[in-house]
Every structure is written in structure tokens, then in C-alpha cells.
Amino acid sequence: MAEYTIAVIDDDTITLDIVTYALEEELSANVFAFSRSEMAHDFLVNQPQDNLSLIISDQNMPQYDGLTLLKACREAGLKTPFILLTADATRDTVIAAKKGGATQFLAKPFTTENLVQKVKQLVD
């Protein structure tokens, strides 16, 4: 049985596949992967507290961006650690992520080693 349960949201299916594969292979994690943010939103806001070990979300997506998903999670009472991924690492985005309750911020492009290292820091 997987020690970690992680939700990953990214509309770029290549990035989604890479992140999912890295987490499954390196951490033996159970990954819920979503390429559509509206499906991820519905899934996340209906999760019981402590059901997920971690949430990883891209920032720039149609329907719900990463900051909107973060806000919805926090409003639903989820205190699950949250990593925000973005290719547009502006100061304003980083500040908004921190104010919104993001645990970590990871700028694209990133290595899978860097991703796995950040995940281990948060879930161990």
C-alpha cells in the first residue's frame, strides 16, 4: 500500500505524466492525476481532512488556476501541504501563493530530482 496519497493537477499532460511517474516511481505514491482543473476542484473540495498527503498544482490553467484551487482547498478546510508549479514565477505570484497558504513554490522547468526532494521534505 502506498505511504503517500498525492493529487497532481496540470493541464499540460506531458508535465502531468512526468510528475505522476516520478512520484509513483521514487516515492511509491498513490497519485490522483487531473488534466482538467474543474474535475480536480470537485475532487479536492470533497476530500476529508488528512485523506491527501500533498497537493501539487500548476498555476496557469483554464477554468481554475492554481491559486484558485489553493483558495478553494483552504476554504474547504483542507490543511494539506500545497505545492504551486508555474512557468511564470513572478514576484506577485509567489507572494499571492504564500499569502494563500501554499507550502512550497516550484518554478518550471524543474528536474524530477528537485520535485521529489521538495515532496520528501513536506511529507516525511
Next on the checklist: My understanding is that only one of N114, V116, L115 makes a side chain to side chain contact (heavy atoms under 4.5 Å, CB included) with K118; could you say which?
Outcome noted: N114
Checklist entry - Has the side chain of N46 got a donor or acceptor atom that lies under 3.5 Å from a matching backbone atom of D42? => result yes
Checklist outcome for this item: L52 and A7 have their tightest heavy-atom pair at CD1-CB, 4.2 Å
Checklist entry - How many angstroms lie between atom OG1 of T90 and atom CD1 of I95, to the nearest 0.5 angstrom? => result 8.5 Å
Next on the checklist: Is there a side-chain contact between D12 and D58 in this structure, where contact means two heavy atoms from C-beta onward sitting under 4.5 Å apart?
Outcome noted: no
Next on the checklist: Strictly distance-based, threshold 3.5 Å: is any side-chain N or O of R74 a donor or acceptor partner for the main-chain N or O of G101?
Outcome noted: yes
Checklist outcome for this item: Note: A102 and L70 closest approach over all heavy atoms is N-CD2, 3.5 Å
Checklist entry - How long is the gap from CG on L85 to CG on L16, to the nearest 0.5 Å? => result 10.5 Å
Checklist entry - Do the side-chain N and O atoms of D17 and T20 include a donor-acceptor pair separated by under 3.5 angstrom? => result no
Next on the checklist: Using the rule side chain to side chain contact (heavy atoms under 4.5 Å, CB included), only one of I55, L122, T103 pairs with I83; which is it?
Outcome noted: L122
Next on the checklist: Classify the ring geometry of F43 against F32: parallel below 30°, tilted from 30° to 60°, perpendicular beyond 60°.
Outcome noted: tilted
Checklist entry - Could D10 and K108 be called an ion pair, given the rule that one side-chain N must be under 4.0 Å from one carboxylate O? => result yes
Checklist entry - Is the backbone of D65 close enough, under 3.5 Å, to the side chain of S37 for a donor and an acceptor to pair up by distance? => result no
Checklist entry - Short question: side chain of Q59, backbone of L67 - any donor-acceptor pair under 3.5 Å? => result yes
